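One structure is given here, and the rest of the page talks about it.
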Amino acid sequence: MRNRNTIEFKVWGRNALFTDPLTRIGGEKFSYHLPTYEALKGIAKSIYWKPTFIWVIDAVRIIKPIRTLTKGTKPLNYDGIYPSRRNPEKKKETPANTLSIYTFLSDVEYQVRAHFEWNLHHPDLANDRNEGKHFSVAQRMLERGGRQDIFLGTRDCQGYVMPCEFGSEIGSYDTIERVDYGLTFHGFAYPDETGEAILRARFWRPVMEHGVIHFPRPEQCDILKEVRPMVAKQFGQSCVLSVDLEASDLGA
Amino acid sequence: MSWIQKLYDTYEACLGHEPDGAERLLPVSHTYQQAHIEITLTGDGRFESARTIGKIETAIPATENSAGRTTNCAPHALCDKVQYCAKDYAAWGGNKKPFFAEYEDQLSSWCSSEHRHPKAAAILTYVRSGSVIADLIHEKVLHATDGKLLTKWHENGEAPEILKVLTAKSGERDQGDAFIRWRVRDLSNPCSAVWEDTTLQNAWACYDASTKQTKGLCMVTGQPATDLAVNHPKRLRHAGDGAKLISANDSSGFTFRGRFIDDTGAQACGIGYESTQKAHSALRWLIKRQSYRNGDQVIVSWATNGVNIPDPFLSSFDLGTGDEATDLTAPTHLDHSAGQAFAQRLSLALRGYKAQLSDNTDIVVMGLDSATPGRMAITYYRELPGSEFLERIEHWHIQFSWKQNFGKDRHFDGAPALHDIAEAAFGMRIDEKLKKSTIERLVPCIIDGQPFPRDLLTTIVRRACQRINMPHWAWEKTLGIACALYSGTFHQEKYTMTLETERTTRDYLYGRLLALADHIEGRALHVGGESRDTTAAKLMQRFAQRPASTWRTIELALVPAKSRLRAKRGGFMHEMEKLHDQIVCAFQGNDFIADSPLSGEFLLGYHCQREAFKPLQKTIESSSDATEISPN
């Protein structure tokens, strides 16, 4: 079922890393085999986003076979000290980097269907709720490959988007009736979008049917983990400088 | 499903149903320790006897802290070192800080909780009496002079056992390090050993769970408000393994912080204590039982319901097909050399597994490795149905099978093991890291049915041509592996393990020519009583690069050999010349004069032609053997 304001796009890249949170905290990152809702929402936001609306991901279709690739990496230590030629003793303190093994997905391609809905927790932006405008901009931006850099799960994994018809082309899992995945991260419930002063993580159990995963809407996920208290960032005219004022400041 | 969930399920499915002869799965809130001393008490906590038992790995109740302790004070629940259990440790001149108070404290709060157990109470009564070391000395388990525990054996004669099993630190052994395990004899309970009593183990697990403070969502089961783990178990691959799969220590490195603002990782992720204990126990048990290991790298494959599965990374020989006994049931009319007998043996070897693995048995293949000693990474993870798993294994072994010669007792038809391939590509003295990464690249070829990496194939083929660079046996092994990999990679060409006289591709024919030259000169040298490398052997590498021009050199060098054989082995030489003419005539068009490098196919031609030269007698003998036995 197509919602109003739906865009459909293809996203692909050489690598992807949708880190399993269990392995994320230790640093030896290991990718989920499927893209998470939050990662796809981030891609949609990179294409086009305004605080007026929220992207909702409806479904994703896996086109290329799921393959993994491991890479030895040298993540930097935040307080690491580089070996110094003048003072070799420094080496003995925290080293500049540590060693890890990351497991990426390799050569991925997905088709995504997403639509936007008004963010009703932003009454101050009610004037901006112009469906036609945002929809056209989103489509134009998609044709141009997005406003911001697209990445697949992690910043290291550059991706690319282009419009497509959801369900076109042949996917590797079209013939496989059903694959069940266990408890998986869905996305974050930010105060900005829920209106509550708490950050929560949502979980669900994905099912891939004929290569397609239909995501539940965020409020349908009932497995929640409370992360920490958080308040929404306030947008609106109070924290925006008027163009006229700025122009006069600049002496124009 | 997620890896940790699968491990958890495996634990639940296998606990209590461990296969015969297999070690038991470790209960929750327990750990393994090597015990040195066994003390037997009566049901009401009086000392009965004690003995040294050497070093026996024992499952002991432990807290989350004590399981991961180093030198700090973190008592185990019941069994512990003398330093912890003996109230009189300080009085007998113990070198280390006595930790009895903490031990007693923990044990007495367990004994006063609702999860108490009579055995624990008996032990508490006894340790409170404060005569542990005195009793042990009386029983000649520990040794002391002048009221001090010995650290060295000064007297003549052999040192007592306890001083031998303890680890020495600068020549001194502290008897306070001796580890005690208990037996409590109680008429009502036939099981006196605390490490075997499941009621005791359950009581401890319940008590330990009740002491947990942090509650939250378990990211394995999805249960809200579960007791969360603070630490995750280590010692997964071996007893001294410090690497953890799940760990968080982000006070300095900033590995994950951003939207999470604590350094413990509790905001980012939470796992139930029971889930993590069970999952890690299962993993440790599986690694010990059925993993493919290469240093730090471990690839473990298992069925979630615990049934036995074949190791997908072994050579066909080790998979059981090298066992000639399975041949007995095989029909003898099969063409041995064409690999049909091998296929038959393979399917027999896998039949037992097939019967046990139904379609809805899940197989998991998981690769683990660590770049640093403290953390372990998952490098490969795949789930697949049992039937598909066996299909992939069978497919690999059939497709990549060739005649292998791995040494005296290891002649077999089939596919090589992963480490053999890595060694064939980069030599016996392959760098550990290169070996790891090569093996890692090969795993998907078997499990996912991915094509064999071309660069590896090229490397192996090139090495197989460098005959004079390695000892004969190593070359034989490399040649067999190169042939297996080449014929498997180009399986659409349908190469067979026997000589195909109809195949007229240039590379195959050149391979046959080289084998012919090798054979003629080898025979001539044998007749002349000489032993040196043949020209064909010496020039094999050059031949692979420029076959036409090198063949000229080889053929000219053959002239003296030929005249010697014509004089002494006329019949043989006649046959050889006939064969030479046949091969050369089979070349098509300008193939014979084209000087471009040969592909790996020439190794197949070479190997098959050489096999064809081998005296027929051997095969006749073995097939007649088989006929005699087969009626059984």
Side-chain angles (χ1 to χ4, degrees), chain A residues 19-33 38 65-80 94-95 97-104 106 179-185 188 190 199-206 221-230, chain B residues 1-6 8-9 216-224 232 243-257 259-262 264-271 276 367-372 374-383 433 437 440-441 443-444 448 450:
Chain A
T19 316
D20 184 342
L22 298 182
T23 61
R24 174 144 192 134
I25 53 170
E28 309 274 331
K29 297 183 188 177
F30 175 75
S31 180
Y32 278 137
H33 285 181
E38 193 70 20
I66 297 168
R67 285 211 237 153
T68 55
L69 169 83
T70 60
K71 288 186 189 179
T73 42
K74 289 174 85 176
L76 287 179
N77 269 339
Y78 182 78
D79 55 353
T94 319
N97 51 258
T98 165
L99 289 174
S100 291
I101 304 173
Y102 288 6
T103 304
F104 295 87
S106 145
V179 184
D180 277 87
Y181 290 83
L183 197 71
T184 301
F185 175 70
F188 285 110
Y190 284 105
L199 171 66
R200 288 200 185 91
R202 299 184 302 262
F203 292 83
W204 76 300
R205 299 176 197 275
C221 291
D222 47 5
I223 307 176
L224 297 170
K225 176 182 161 61
E226 299 195 346
V227 176
R228 67 181 167 102
M230 190 191 238
Chain B
M1 224 182 248
S2 82
W3 54 274
I4 193 157
Q5 169 93 55
K6 279 285 174 207
Y8 179 82
D9 292 350
L217 175 81
C218 169
M219 279 163 60
V220 178
T221 56
Q223 292 294 324
H232 299 275
K244 285 184 180 182
L245 258 179
I246 306 174
S247 63
N249 176 15
D250 213 4
S251 44
S252 57
F254 286 79
T255 314
F256 62 91
R257 275 195 280 178
R259 58 173 76 81
F260 311 110
I261 51 174
D262 67 331
T264 60
Q267 288 183 359
C269 131
I271 303 163
T276 183
L368 299 168
D369 198 357
S370 51
T372 51
R375 294 188 308 258
M376 199 187 306
I378 305 168
T379 54
Y380 184 83
Y381 182 77
R382 205 65 88 234
E383 288 168 20
K433 281 183 188 158
S437 67
E440 206 178 290
R441 287 178 68 195
V443 171
D448 302 341
Q450 277 182 23

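Lettering follows sequence order; numbering is per chain, from 1. What you see is a predicted model, and the numbers here were worked out from it, not measured in a lab. What's counted below: heavy atoms across the whole structure, side chains too, no hydrogens, waters or symmetry copies.
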Spacing of [atom1] belonging to [X] relative to [atom2] belonging to [Y], to within rounding of 0.5 Å:
{"X": "B:Tyr380", "Y": "A:Thr68", "atom1": "OH", "atom2": "OG1", "answer": "6.5 Å"}
{"X": "A:Leu183", "Y": "B:Gln5", "atom1": "CG", "atom2": "CD", "answer": "7.5 Å"}
{"X": "B:Cys269", "Y": "A:Phe185", "atom1": "SG", "atom2": "CZ", "answer": "12.0 Å"}

Answer with side chain, backbone, both or neither: which region of [X] has an atom nearer than 4.5 Å to a non-hydrogen atom of chain A?
{"X": "B:Thr264", "result": "neither"}
{"X": "B:Asp369", "result": "both"}
{"X": "B:Ser437", "result": "neither"}
{"X": "B:Ile378", "result": "both"}
{"X": "B:Arg441", "result": "neither"}
{"X": "B:Gln223", "result": "neither"}

Any side-chain heavy-atom pair from [X] and [Y] closer than 4.5 angstrom?
{"X": "A:Arg67", "Y": "B:Pro444", "result": "no"}
{"X": "A:Asp20", "Y": "B:Tyr381", "result": "no"}
{"X": "A:His33", "Y": "B:Glu383", "result": "no"}
{"X": "B:Arg375", "Y": "A:Ser100", "result": "yes"}

Measuring heavy-atom distances to chain B, does [X] have an atom under 4.5 Å in its side chain, in its backbone, in both, or in neither?
{"X": "A:Pro75", "result": "neither"}
{"X": "A:Leu69", "result": "neither"}
{"X": "A:Tyr102", "result": "neither"}
{"X": "A:Phe104", "result": "neither"}

Start with the C-alpha gap between B:Phe260 and A:Ile25, add the side-chain angles, then the distance that decides, and say whether side chain to side chain contact (heavy atoms under 4.5 Å, CB included) holds.
-> CA-CA 10 Å; B:Phe260 311 110; A:Ile25 53 170; over 6 Å; no
Under a 4.5 Å heavy-atom cutoff, which of A:Met230, A:Arg228, A:Arg24 has the most pairs with chain B?
->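 Looking at each option in turn, the highest pair count goes to A:Arg228.
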Would you mind telling me which of A:Leu99, A:Thr184, A:Leu199, A:Ile223 has the largest number of heavy-atom pairs within less than 4.5 Å of chain B?
->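 Maximum pair count with chain B is reached by A:Leu99.
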Could you have a look at B:Lys244, B:Arg259, B:Glu440 and say which one has the most heavy-atom pairs with chain A under 4.5 angstrom?
->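 If we count pairs closer than 4.5 Å to chain A, B:Arg259 comes out on top.
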Looking at B:Gln267, B:His232, B:Met376, which makes the most heavy-atom pairs under 4.5 Å with chain A?
->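 Looking at each option in turn, the highest pair count goes to B:Gln267.
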Residue pair B:Thr379 / A:Thr103: nearest heavy atoms and the distance that separates them |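 Taking B:Thr379 first and A:Thr103 second, the nearest heavy atoms are CA-OG1, 3.6 Å.
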